[in-house]
Amino acid sequence: RSRALAGVLLIVFAGFLFNVSKPISGWAASPSAPAREGVLSVDYASALLAADHFLQAWQSGDKENGMALLSSRAKKSASAEEMERFFSNSAPSAYEIGRGKLVNHGRYEFPVVLVSSVPKNNHSRRRFSTIIVLHSGGNDWAVDKLP
């Protein structure tokens, strides 16, 4: 768990570094200067963490924990068969989460790449998609759209 948290923090920090569009000298701006676009919000970090936890559940084939992270709308929109197929990973798998964007208040969309190996020919298959995470009250965030 601590390795996963360290990974997410590294992702958040890297996202911050690559999101900054001002030159180094721009960091020395006066305190009255407008806020930089590259500053991450607590909501963004929380949404990213929820997306990461969900994709960790997918990667490990942990349907129970993955389902617990879904919004009620996402649970209703996917059949039990689809959920079983989504979480059944017998081959090694990996994922990548790109920089997300605020879709509207309390709702973030992250581009993702799901990588799974194809046992027949020892190649990996990449599937490009998006995942939508929404604020579901309190400190809770839920996946509202599966990748």
Side-chain angles (χ1 to χ4, degrees), residues 1-24 26-27 34-147:
R1 213 172 220 292
S2 64
R3 240 170 56 191
L5 181 58
V8 169
L9 292 175
L10 182 61
I11 291 169
V12 170
F13 182 69
F16 171 75
L17 287 177
F18 291 111
N19 195 24
V20 176
S21 59
K22 292 186 177 200
I24 300 284
W27 286 56
R36 287 188 314 273
E37 203 175 290
V39 175
L40 296 176
S41 72
V42 172
D43 282 352
Y44 179 88
S46 298
L48 178 60
L49 187 61
D52 185 61
H53 283 174
F54 179 78
L55 291 171
Q56 283 179 17
W58 166 79
Q59 184 179 33
S60 63
D62 186 355
K63 180 181 171 188
E64 184 178 328
N65 282 323
M67 291 291 289
L69 292 168
L70 292 177
S71 69
S72 55
R73 185 170 81 162
K75 287 177 185 174
K76 289 176 188 173
S77 68
S79 70
E81 233 176 65
E82 289 172 321
M83 294 308 296
E84 193 64 44
R85 214 175 23 246
F86 182 77
F87 283 104
S88 64
N89 289 332
S90 58
S93 56
Y95 62 90
E96 180 181 340
I97 303 176
R99 186 171 68 194
K101 65 180 179 183
L102 180 65
V103 178
N104 58 33
H105 182 68
R107 193 173 175 89
Y108 288 89
E109 180 177 35
F110 297 93
V112 296
V113 181
L114 303 179
V115 182
S116 54
S117 53
V118 180
K120 294 183 256 180
N121 56 14
N122 286 337
H123 288 102
S124 58
R125 186 187 114 196
R126 292 173 181 256
R127 190 166 58 105
F128 296 86
S129 187
T130 60
I131 187 170
I132 294 179
V133 181
L134 62 87
H135 188 236
S136 56
N139 292 326
D140 295 330
W141 290 80
V143 173
D144 200 42
K145 178 197 165 279
L146 296 169

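Worth saying up front: this structure is predicted, and the values here are computed from it rather than measured.
- The side-chain heavy atoms of Ser129 and Lys145, taken from C-beta on, include a pair separated by under 4.5 Å.
- Here the closest non-hydrogen pair linking Ala51 and Val133 is CB-CG2, 3.8 Å.
- Scanning all heavy atoms of the two residues, the minimum distance from Pro147 to Arg127 falls at O-NH1, 3.5 Å.
- Scanning both residues, Arg99 and Phe110, for their nearest heavy atoms gives C-CD2, 4.4 Å.
- Phe87 approaches Gly66 most closely through the heavy-atom pair CZ-CA, 3.6 Å.
- Lys75 meets the side chain to side chain donor-acceptor pair (under 3.5 Å) test with no other residue; sequence neighbours excluded.
- Using a 4.5 Å heavy-atom cutoff, the side chains of Leu55 and Val112 are in contact.
- Side-chain contact between Ile131 and Leu146: absent, with no pair of heavy atoms (C-beta onward) separated by less than 4.5 Å.
- A distance of 10.0 Å separates CG of Asp62 from CD of Gln56, quoted to the nearest 0.5 Å.
- Considering every non-hydrogen atom in both Asn65 and Ala57, the closest pair reads C-CB, 4.3 Å.
- When side chains are defined from C-beta on, Leu114 does not count as touching Arg126, because their heavy atoms never get closer than 4.5 Å.
- Considering CG of Asp140 and OG of Ser46, their distance stands at 10.0 Å, rounded to 0.5 Å.
- For the pair Leu70/Met83, a side-chain contact is recorded, criterion being any heavy-atom separation below 4.5 Å from C-beta on.
- No option in Asp43, Leu49, Leu48 other than Asp43 meets the side chain to side chain contact (heavy atoms under 4.5 Å, CB included) test with Trp141.
- Each of Asn104, Asp144, Val103 was checked for a side chain to side chain contact (heavy atoms under 4.5 Å, CB included) with Glu109, and the lone residue meeting it is Val103.
- A heavy-atom distance below 4.5 Å is found between the side chains of Ser93 and Trp58.
- The aromatic rings of Phe54 and Phe86 sit parallel to each other, their planes meeting at less than 30°, with 60° as the upper class boundary.
- Between atom OG of residue Ser71 and atom CZ of residue Arg107 there is a gap of 8.0 Å, rounded to the nearest 0.5 Å.
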Next item on the list: Test side-chain contact (heavy atoms from CB on, under 4.5 Å) on Leu69 and His53 and set out the steps.
Entry: CA-CA 8 Å; Leu69 292 168; His53 283 174; 3.8 Å; yes

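- Using cut-offs of 30° and 60° for the angle between ring planes, the Tyr44 and Tyr108 rings count as perpendicular.
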